Amino acid sequence: MTLPDIATCAEPAPLRQRGQHEVFCGLTSIIWLHRKVQDAFFLVVGSRTCAHLLQSAAGVMIFSEPRFATAIMEERDLAGMADMHDELDGVVARLLERRPDIRMLVLVGSCPSEVIKFDLTRAATRLNARHAPRHRVIAYSGSGIETTFTQGEDNFLAALVADKATSRPAGAAAKLVVAGCLADVVEDQFARLFSELGLTGVVFLPGRDAINGLCVGPETRFILAQPYLGATAAALEARGARRIDAIFPLGAEGTSAWLRAICAAFRVDPARFDAVVAQPKRRAAAAMAHYRPWLQARRVFFFPDSQMEPSLARFLSREMGVALLEVGSPYLHREHVAGELALLPAGVTISEGQDVDRQIDRCRAANPDLIVCGLGLANPFEAEGRVSKWSIEFSFTPIQGFEQAGDLAELFARPLMRHAILTGGADRREAAR
Ligand code: SF4
């Protein structure tokens with residue numbers, strides 16, 4: 001892997017804590033997955049709590065007949081008075097009759113379905129026998145017992161790889177799989193760059209179409225576009241694909257390093273690489289420069305949320321001049337984020353897992369200029385006069401690639417700008433003009 005200069009950086013030892021934690025469960029990733037994969041329907045097998053979570057996370061999307069729903073388990077299901085498999089078969093039959101456009105039905109496990117050991121993989125096999133080839137059925141777990149937020153996407157992609165790899169003909173394997181859900185606009189930009197670099201046989205996972213496209217073989221190389229894909233990487237490796245190691249495509253530096261690693265793996269002429277990325281890199285630098293006065297030397301504290309925190313922190317520290325206080329992540333995949341951790345400045349606290357009360361105490365004591373955290377903590381911090389950035393936005397907003405580097409910087413700068421406007425502080429506004 002080609003990394004920028006890391007001579008001045010040291011790998012910090014993470015602080016590991018277990019206790020009360022304030023994070024989403026893996027079901028939440030359905031909100032962006034169902035928008036991306038346009039022929040799939042996500043059916044959560046869970047409780048009213050799960051349905052309420054999806055409703056509140058999806059916001060106004062629930063009024064647009066979205067491609068997700070919850071099959072709610074009632075008391076009689078939990079008490080064993082009804083056969084869960086029969087009940088599910090009935091729900092699925094009614095759903096597919098009403099929505100014949102569904103090509104792939106995804107059964108998503110939840111805490112209640114896992115606690116009563118309802119085997120959704122077995123249910124998917126049985127439903128496939130009944131509804132194939134018109135509808136394909138797969139299953140994965142998004143429960144809060146097993147998954148945190150973005151890990152839901154990881155489990156979905158791993159299930160997709162395990163399912164599709166066996167069902168495609170040999171000989172048509174992808175040369176490069178880009179794993180990790182990217183907004184359509186970002187996918188299109190990367191596809192254009194790959195074509196300018198002369199790379200062919202590139203497949204995005206997930207694509208917009210769940211049914212077609214993926215074949216993995218021993219000649220396939222894959223690169224992660226998101227840092228939370230441990231199970232997906234393992235599933236791809238189990239099929240013989242080999243990972244290209246890189247930092248993640250956030251900011252101009254991250255995007256360059258990510259593309260350079262791909263080019264090195266496919267022996268693209270370095271001069272061609274430089275020529276292709278020169279212009280977009282310049283545009284990214286110009287867009288980021290606009291927000292640097294707002295972020296330079298600001299002290300930022302990250303609470304754990306999506307596993308994207310080390311990459312976001314690296315971007316802020318190296319490209320925007322931010323001083324990092326603590327970088328929290330729900331889980332650190334040592335191998336996949338090694339490059340990111342090596343690029344964080346010496347002395348920064350890296351924390352894995354959470355004991356939320358102790359972390360809040362550390363945050364208050366550090367008194368940061370900006371706190372990156374979930375909505376459950378954001379407003380209470382704001383009420384204390386602190387400035388917060390709601391972290392879920394980094395999962396919903398297109399932030400990867402050169403053209404989004406300015407937008408990514410803006411996401412961090414905006415709360416500081418708003419605070420300056422509301423409190424009459426004009427210093428950095430003047431600087432930014
Ligand atoms: S899966 Fe578990 S944590 Fe998530 S909403 Fe359902 S009950 Fe809550």
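Just so you know, ligand 1 is whichever comes first in the structure, and atom 1 is the first atom listed for that ligand. Here the structure is a predicted model, which means the values were calculated and not measured.
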For [X], the ligand 1 atoms whose distance to one of its heavy atoms is below 4.0 Å:
X	result
Gly144	1 (S), 2 (Fe), 3 (S)
Ser110	1 (S)
Cys111	1 (S), 2 (Fe), 3 (S), 7 (S)

> Got the closest protein heavy atom to atom 6 (Fe) of ligand 1, with its distance?
Replying inline: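 Going by distance alone, atom 6 (Fe) of ligand 1 is nearest to Cys50 SG, 2.4 Å.
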> How far is atom 8 (Fe) of ligand 1 from its nearest protein heavy atom, and which residue and atom name does that atom have?
Replying inline: Thr49 CG2, 4.0 Å
> Nearest 0.5 Å, what's the OH-SG distance between Tyr228 and Cys181?
Replying inline: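 The OH atom of Tyr228 sits 6.5 Å away from the SG atom of Cys181.
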> Taking 2.8 Å as the cut-off, does an N/O/S atom of Cys25 lie below it from atom 4 (Fe) of ligand 1?
Replying inline: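 Yes, Cys25 qualifies, because one of its backbone or side-chain N, O or S atoms lies under 2.8 Å.
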>> Just so I know, are the side chains of Phe41 and Leu95 near enough to count as touching, which here means a heavy-atom distance under 4.5 Å?
In response: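 In contact.
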>> I'd like to know if the side chain of Asp154 pairs up with that of Thr232 as donor and acceptor (distance under 3.5 Å, no hydrogens or angles considered).
In response: yes
>> Is the ring pair Phe381/Phe303 parallel, tilted or perpendicular, if the boundaries are 30 and 60 degrees?
In response: tilted
> In terms of ring plane angle, is the pair Phe190 and Trp258 parallel, tilted or perpendicular, where the classes change at 30° and 60°?
Replying inline: tilted
